[in-house]
Structure formats: structure tokens, C-alpha cells
Amino acid sequence: MIGSCLCGSIKYEIDPPFKIFQYCHCLRCRKFTGSVHSANLFVPVAQFRWLEGQEQVGKYDLKEAKYLTTSFCKQCGSSMPWEVKGIPNMVVPVGTLDEDPKIKPQQNIYCASQASWYVESSELPKYAELPGE
């Protein structure tokens with residue numbers, strides 16, 4: 001399964017089976033993604049390969065974090081897969097996959113930290129495209 005950044009300068013490949021697909025509501029994931037939660041797929045390091053543009057992958061290591069490190073495209077800023085500190089797993093931001101991972105989210109974590117403004121998406125109106133167009 002192939003994934004890439006927004007500008008296409010970075011490409012990677014992951015092989016199933018995947019360990020877990022989860023949403024994380026912690027403050028760090030919200031800050032890194034700029035969203036209400038992250039959507040991450042966990043894969044053993046042996047099932048992950050950079051295909052193109054590895055030199056474009058930037059890394060931010062939050063020193064006080066036990067497991068978190070973040071990766072991003074130096075050109076477009078897209079979140080990119082990163083290796084968990086001390087555990088041989090890659091965290092793959094699911095939104096960077098170019099294909100359907102054929103797995104659905106299995107859990108939400110750090111819900112006690114979720115944003116005060118969070119509303120379940122099932123409670124919001126749905127539109128096929130931008131409303132009013």
C-alpha cells in the first residue's frame with residue numbers, strides 16, 4: 001500500500017497486516033495535525049519502506065515525550081510516518097495513504113484530553129461538496 005505527501009515529493013509503502021488503527025485526541029496530536037484528533041495506523045518497522053524523497057522528511061523530537069516523535073515533508077508540511085521512540089513500530093498518518101487501507105478505526109484514545117469544542121461528526125450536517133455551490 002502506497003502513501004505520499006501533498007506535493008508528491010515523498011512516497012512510502014506499507015505491507016499488511018496492520019497492528020491497529022486508532023484516533024488519538026491528545027493535545028500533542030491535535031497540535032501536530034491541526035485537527036480535532038490524529039488518525040494513525042501502526043505498522044511494524046519491517047513492514048515499512050521509504051520509496052522516494054526520504055531526504056525531504058523532517059523530524060521533530062519532543063524531548064519530554066515518552067513515545068512521540070513527528071515527521072513531516074520539508075517542502076509541503078504534510079505529516080509523514082514516524083518511528084515510535086523505543087518501540088519498533090511506525091505510526092502512519094492514515095490521511096497520507098493513497099489507497100483504502102481496508103481497515104476501519106478500532107478505538108479512540110486520550111478522550112479525557114479531547115478538545116472542548118469537539119462534536120461527533122455523526123451529529124453534524126453532511127454535504128457531498130461545499131454547501132451553497
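The two atoms that bring Phe42 and Val91 nearest to each other are CE2-CG2, 3.5 Å, heavy atoms only. Here the closest heavy-atom approach between residue Glu99 and residue Ile2 is recorded as OE2-N, 2.9 Å. The nearest pair of heavy atoms linking Phe32 to Ser79 is CE2-OG, 3.1 Å. Minimum heavy-atom separation, Pro88 to Glu83: CA-OE2, 4.3 Å. Shortest non-hydrogen contact noted between Ser38 and Asn40 is OG-ND2, 3.0 Å.
A distance of 13.5 Å separates CD in Gln114 from SG in Cys29, rounded to the nearest 0.5 Å. If you take CG on Asp98 and NZ on Lys11, they are separated by 7.0 Å, rounding to the nearest 0.5 Å. Within the model, atoms NZ of Lys74 and SG of Cys5 stand 12.5 Å from one another, a figure rounded to the nearest 0.5 Å.
Residues Lys19 and Pro44 have side chains in contact (heavy-atom distance under 4.5 Å, counting atoms from C-beta outward). Side-chain contact between His25 and Ser113 is absent, with no heavy atoms from C-beta onward closer than 4.5 Å. Annotation: side chain of Pro93 is in contact with side chain of Pro81 (closest heavy-atom distance under 4.5 Å).
Leu27 meets the side-chain contact (heavy atoms from CB on, under 4.5 Å) test with Arg30, Lys31; sequence neighbours excluded. Applying the side-chain contact (heavy atoms from CB on, under 4.5 Å) criterion to Leu6, with sequence neighbours excluded, gives Cys76, Ser78.
Side chain of Lys126 to main chain of Ser121: a donor-acceptor pair is present (N/O by atom type, distance under 3.5 Å, no hydrogens or angles). For Gln47 (side chain) and Asp15 (main-chain N/O), a donor-acceptor pair under 3.5 Å exists by modelled atom type.
Met80 shares a hydrophobic cluster with Met1, Ile10, Tyr12, Ile14, Phe18, Phe21, Tyr23, Leu41, Val43, Val45, Phe48, Trp50, Val57, Met90, Val92, Val94, Leu97, Ile103; the chain of contacts runs through ILVMFWY side chains whose heavy atoms sit under 4.5 Å apart.
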